[in-house]
Every structure is written in C-alpha cells, then in structure tokens.
Amino acid sequence: MTFKRLAEYLQRLEETTLRNKITEILAELYKETNGEEIGMICQLLQGRVAPLYEAIEFGVADKMMIRAIGQGLNVEITDVAALFRKTGDLGITVESIKNQPSGIKYKERNTITEVYEVLFRLATSGGEGSQEEKIKLMGELIKDLDPLSCRYVVRIPIGRLRLGFSDMTVLDSLSWMIKGTKELRPTIEKAYNVRPDISFISSTLKEKGIKGLAQVKPQVGTPILMARAERMTNGADIIEKIGKCAIEPKYDGFRVQGHKRGNKVELFSRNLENVTLMYPDIVKGIIKQVKANEAIIEGEAVAFNPNTGEYLPFQETVQRKRKYNIEAYAREIPLKLFAFELLYRDGISYLGKPFEERRSELEKIVAKGDTILVSQEEVVGDAKRLEEIFQDAVSRGLEGVMAKKLDGIYRAGSRDFNWIKYKRSYAGKLADTIDCVVLGYDYGQGKRTGFGIGDFLIGVYDDKDEKFQTVAKIGTGLTDEEWKKIKLRSDKLKVKNKPENYDVDKMMECDVWITPLIVVEIRADEITRSPVHTAGRVMKPSISGKAFDVEVAGLALRFPRLERFRDDKKPMEVTTLKELKKLYEMQGKK
DNA sequence: GATGCCTGCCC
DNA sequence: ATTCTGC
DNA sequence: GCAGAATGGGCAGGCATC
C-alpha cells in the first residue's frame with residue numbers, strides 16, 4: 001500500500017468525530033492491507049516505530065521538525081516557525097507550504113514500508129552528527145511525499161496525530177475488521193494488556209484470526225499495562241460508589257512493576273520503559289524478599305533519608321531515575337518499594353482475580369525486609385472511618401489515599417472506579433489556592449488554535465522588588481467558553497513588549513504580553529522549588545562569569561489549574577511573594 | 001569544559 | 001499530572 | 001463513563017556550540 005493511500009484514510013478519519021464511524025473506517029483500511037502492513041500502520045498510529053518497552057524513540061519534536069521542514073522544502077526556519085504559531089499544527093504547516101506552487105515534483109509511490117523504514121532509521125540514529133542525520137532523513141521524506149502525506153508523516157514523530165482516536169479505538173477496530181462488531185474487543189484488549197505490542201496484535205489477528213491471540217498470557221519480562229485510578233473528592237462518594245473497600249496510603253513516588261524469575265529481575269516504569277539498571281536496590285530487594293520463582297508485582301517506589309527515616313519529596317525521589325552515577329545515588333537516596341499488587345505468580349495470572357485475593361497472595365509471597373514493604377491497608381465500610389484514615393495520611397505528609405474495590409479485577413491499561421484516588425488537593429480547602437495576576441499568554445495548538453490561546457502565565461507580586469514574579473503557566477481548568485472570554489479580555493490589555501516590572505525567565509517568555517489586570521484564583525497540589533519560575537528566585541554568576549546560575553530556586557506550583565476568575569479583586573490584592581513563601585514553609589510541617 | 005537548547009519521561 | 005468535551 | 005486531547009512543573013541526558 002502507498003503511504004498516500006494511508007494518508008487519504010487518515011484524512012477521512014480526521015474529518016469525523018463519531019467513534020463508531022472511525023472504527024468502521026479503520027476496519028476498512030485494514031482490509032486493504034497485508035499482515036505486515038497492518039502491523040506497521042497500527043504501530044505508526046501510536047506515534048512510534050516500536051512498542052513502548054523497546055527503547056526506540058524518535059528524538060524529534062517540534063523544534064527539530066521545524067528544522068526538518070525548513071531543510072526539506074528549502075524554506076527559512078523562522079518562516080516555518082511563524083506559520084506553526086499561526087496554525088497550531090506542524091502537519092498543517094508542512095502541508096500548506098507544500099501546497100504552494102514550487103515546481104518541485106514529488107513522488108506519489110512511496111509505500112508504507114518505505115516510509116516506516118526511514119522513520120525507523122531516524123529513530124535509531126544517535127551520537128555525533130545524529131541531529132543533522134535525523135533532519136536530513138525527515139527532510140527527504142517531506143520532500144518526496146505529497147502534501148497530504150506530509151501532514152501525517154510529520155505528526156507521527158511528534159506524537160500528535162490528532163485523529164480523535166487512540167489505542168482503545170484501534171482495538172475496537174481490529175474486532176470490527178474480523179467480526180463487523182466490537183464484540184471481540186475484550187479478548188483483544190486482554191491480549192494487548194499483557195503484550196502491549198500493537199504491531200504483533202494486529203498482524204496476528206490478520207494472519208491467524210482471534211485464535212492467534214489465545215496463547216497470549218502474562219510473561220515475565222514483558223511489561224503489563226498499568227492500571228490507573230479515577231478521582232473522587234470525599235469519602236462518602238467513594239463508599240457510595242464501590243461500597244466496602246480497601247484503603248491504602250498514596251505515596252508520592254513513581255510506579256514500578258517488578259518481574260522476577262529465579263534470581264533475575266527486571267523493572268518497568270509506568271510508561272513501560274525498562275528501568276532495571278536504574279534501581280539496583282529494588283532489584284536486590286525483590287530477589288531477596290519475593291518468595292516465588294516467578295512473580296510480577298507492582299508498587300510505588302519512594303526515596304527516604306536513611307538517617308532520619310523520613311520520606312523525601314518527589315523532586316528528590318525522581319533524581320533516582322538516571323543513567324549515570326547510579327550506585328552513588330542509590331547510597332545517598334535509597335528507595336523503598338511499597339508493593340500493592342500481585343499480577344502474576346508461577347504460571348498463574350492474577351489479573352482477573354479479585355483484589356482481596358491478589359492482596360492476600362501478595363502478603364504471602366513478600367517476606368519481611370528492608371526494601372520491599374507491602375503497602376498498609378485497612379478495609380472500611382463507612383465514610384467516617386475512611387475520612388479518618390485520609391486525614392491521618394495527610395497529617396503524615398502523604399498525598400492522600402487510594403480506595404480499591406474489594407472484588408475488582410486489575411484493570412490493566414485503563415482508568416476506572418476499581419481504583420479511586422482521593423487526594424489532599426481535591427478536598428477543596430482555601431489553603432490550596434492562591435490569587436495571581438495574568439502576565440501574558442501563548443497561542444494554542446490543536447483545538448486551542450481556534451481560541452487563539454493555549455495557556456497563560458501567572459505571577460505574584462513582590463512588594464519589596466515592586467515586580468511581578470512568575471509561579472506557573474495555566475493550561476487547564478477553563479471551559480471552552482472561558483478560554484474565549486479570557487482571550488478577548490487579554491487582547492484588550494495587550495502590550496507590545498514585556499513590561500519593565502515583569503521578572504520572567506527566558507523559558508517562560510510568552511507570545512503575547514498583557515497589562516497585569518486579570519486576577520485568577522489558582523488551585524495547585526503543592527508549592528515546589530523551581531529553577532525557572534522567578535518568585536523568590538536569586539541568581540548568581542556562573543563559574544566562567546559569562547552566564548548566571550540559580551543560587552536560590554524560585555517557587556512554583558505543582559499541577560496548577562484555574563479555580564475561578566476573581567473579577568472582584570484588584571491586581572494589587574493578589575498573593576504577595578511574602579505570603580507565598582509563608583505558604584511554602586507551612587506545607588513542610590503538616 | 002561550560003553552556004544552551006531540546007527531548008523524553010516522571011509526576 | 002488535571003481538566004474539559006463528544007459520544 | 002470512556003476515550004481522547006488540550007495543557008502544567010521539573011528531572012536527567014543527548015547533542016551542538018562556544
């Protein structure tokens with residue numbers, strides 16, 4: 001099949017928002033392919049050339065792609081960037097440049113296989129000169145392909161196909177290809193969950209039918225898609241939703257799935273990256289403490305201070321995710337793994353077994369020790385007790401709690417109410433919001449292009465410096481109507497240059513600056529130390545004296561979102577730097 | 001070797 | 001991560 | 001309620017350049 005033919009299908013898909021229709025069109029597309037092509041197509045639709053658990057990344061995003069478009073079409077990079085700002089989509093950008101009369105002929109016969117192979121080479125290129133190489137490969141593709149194909153070939157590496165469907169709909173459509181209905185989706189999904197390789201799944205279905213997936217079972221060494229939790233904001237709702245449930249603390253670390261066979265252990269991140277070499281302490285812990293020949297367990301890894309026994313904030317924990325200096329960091333910032341799931345053990349899959357059974361089996365196979373701790377849990381049947389546990393968790397400095405449905409299966413890859421997270425920041429206390437002033441905004445991408453705004457920069461006031469200093473950009477919490485409204489209001493306040501009394505890092509520069517008059521109430525989970533936000537930040541000369549380094553990091557907001565507009569407040573009444581510093585200090589001692 | 005920009009991946 | 005929206 | 005698409009802060013690491 002030609003890539004052009006695929007592009008025509010993608011255009012049809014992009015034009016409809018109806019998921020049933022999308023499913024049908026995809027099935028129609030598959031019918032035109034052979035077993036190899038369907039694998040490549042499904043893989044490319046994920047914006048990749050290999051499954052997540054293979055360490056093959058494009059290493060190409062917006063900036064590199066802009067350079068590739070410039071080189072491929074012989075256009076100034078600044079012009080490409082300008083058009084991108086306007087269109088909010090690099091696919092549309094390249095297509096519209098390509099549609100301008102240029103006299104350059106393009107081939108129409110590139111096959112999907114050829115395009116896939118170029119993208120694969122691009123993704124596996126590395127080392128000195130590799131950026132030039134990637135730009136060259138991408139540029140040649142853009143030069144060779146027709147305008148419509150260019151739209152999609154550019155969107156694949158940057159992972160923004162924007163077709164209105166993703167993995168789950170692809171699984172539906174594979175069912176549709178075989179049966180003309182979605183009835184095989186559960187079977188296909190079950191296989192995909194334990195072998196998250198869409199190329200394998202789709203090719204197998206095409207060549208062997210649904211029977212081909214019968215042998216796909218959890219396997220040590222192949223990561224299983226991780227379950228995620230829905231959110232709720234109070235104990236009563238949780239009990240009403242799932243009844244009697246198990247409550248566990250919610251730690252602020254990162255997810256780890258551990259695979260053990262004999263004395264060999266592999267670790268995977270939530271995104272299925274193989275992270276075995278990064279965490280030798282967890283590997284040793286699993287070998288020592290997990291009493292099963294084969295097992296797949298899951299938990300949250302959190303760093304702690306070995307001297308005080310206190311758990312460390314996320315910003316320190318995450319430093320353990322590294323490629324170099326591993327042993328030194330492991331000594332300085334050791335990890336504990338709070339195990340909360342058993343997914344597989346010695347030939348038996350626990351994915352479809354109720355939580356209580358997974359949990360009791362987990363307790364049996366994890367021996368007491370220093371590194372792997374089975375997560376605490378309490379089964380509760382009433383909201384009052386749930387709230388008590390939640391309050392206790394919060395006072396211990398934890399993020400909140402997780403509630404797990406007692407008879408719920410492990411819903412690999414999906415987010416549903418078998419797991420519910422109840423976080424501190426949902427509780428809606430005034431202490432978690434601050435008032436800020438809008439300093440500028442950026443043009444949006446995709447859907448937000450139409451609004452002319454995608455996010456806005458906010459700051460607090462430092463009455464000592466008499467400057468506005470930044471704490472976050474806001475890109476969520478507004479309805480479509482509110483986006484349109486704030487854009488209109490902002491444009492009335494537009495100024496040509498960044499005002500003198502704005503203290504903004506280069507990284508946070510905005511497309512449009514405005515007079516500081518719009519006041520917003522912002523919710524966040526936490527105040528963190530920031531290298532790029534300027535609230536309270538102090539700089540010092542760098543070693544060479546030619547640049548500046550951060551001496552005291554600024555303050556910023558973690559998971560910032562708009563709570564509401566505060567038209568009743570004046571800009572001079574927003575939170576001051578002094579108040580923000582106080583809030584930061586207070587959160588340390590809860 | 002220092003710096004800056006960019007990317008991918010944690011949340 | 002959070003949030004909004006079409007189906 | 002699911003699935004998808006907008007968007008956040010901030011960490012390490014790769015590569016290019018000064």
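A quick note: this is a predicted structure, and the numbers were derived from the prediction, not measured. Both backbone and side-chain heavy atoms feed into the values below; hydrogens, waters and symmetry mates do not. By convention in this document, chain letters (A, B, ...) are assigned in the order of the sequence lines, proteins followed by strands, and residues within each chain are numbered from 1.
For A:Y410 and A:W419, the ring centers are positioned less than 6.0 Å apart. Under the 6.0 Å cut-off for aromatic ring centres, A:Y426 and A:F390 do not qualify, their centroids lying 6.0 Å or more apart. Between A:F254 and A:Y279, the ring center distance clears the sub-6.0 Å criterion.
Remark on DNA chain B: of its neighbouring residues A:F254 and A:F548, the 5'-side contact belongs to A:F548, judged by nearest-heavy-atom nucleotide. Of the two residues contacting DNA chain B, namely A:E300 and A:G59, the nearest-nucleotide position lying further toward the 5' end is that of A:G59. Mapped onto DNA chain C by nearest heavy atom, A:E482 and A:R270 fall at different nucleotides, with A:R270 at the one closer to the 5' end.
A:L277 places its CG atom 15 Å from the C1' atom of D:dG13, with the value rounded to the nearest Å. Going from atom CZ of A:R529 over to atom P of D:dC11 covers 12 Å, rounded to whole Å. As a whole-Å value, the separation of A:E189 CD from D:dA3 C1' is 11 Å. Remark: P of D:dA3 and CZ of A:R162 are 22 Å apart, rounded to the nearest angstrom. When rounded to the nearest whole Å, the span between CD of A:Q445 and C1' of D:dT7 equals 10 Å.
No hydrogens or angles were tested; on distance alone, a donor-acceptor pair under 3.5 Å links the side chain of A:T476 to the base of C:dT2.
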Atom pairs and distances, donor-acceptor, side-chain atoms in residues 534-545 of chain A, under 3.5 Å, two or more places apart:
| residue | atom | partner | partner atom | Å |
| --- | --- | --- | --- | --- |
| A:T534 | OG1 | A:T470 | N | 2.9 |
| A:T534 | OG1 | A:D503 | O | 2.5 |
| A:R537 | NH1 | A:D505 | OD2 | 2.8 |
| A:R537 | NH1 | A:P531 | O | 2.7 |
| A:R537 | NH2 | A:D505 | OD2 | 3.2 |
| A:S542 | OG | A:A547 | N | 3.1 |
| A:S542 | OG | A:A547 | O | 3.2 |
| A:S544 | OG | A:K546 | N | 3.2 |

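Distances shown here put every side-chain N or O of A:K321 at or beyond 4.0 Å from the OP1 or OP2 atom of D:dA12. For A:R67, no side-chain nitrogen or oxygen approaches OP1 or OP2 of B:dT7 to under 4.0 Å. Residue A:S542 has a polar side-chain atom (N or O) positioned under 4.0 Å from OP1 or OP2 of B:dT3.
Closest contact between the side chain of A:K323 and the listed nucleotides D:dG9, D:dG14, B:dT7 involves D:dG14. Across D:dA3, B:dG4, D:dG10, the shortest atom-to-atom separation from the side chain of A:A547 is found for B:dG4.
C:dG6 and B:dT3 have their C1' atoms separated by 47 Å, with the value rounded to a whole Å.
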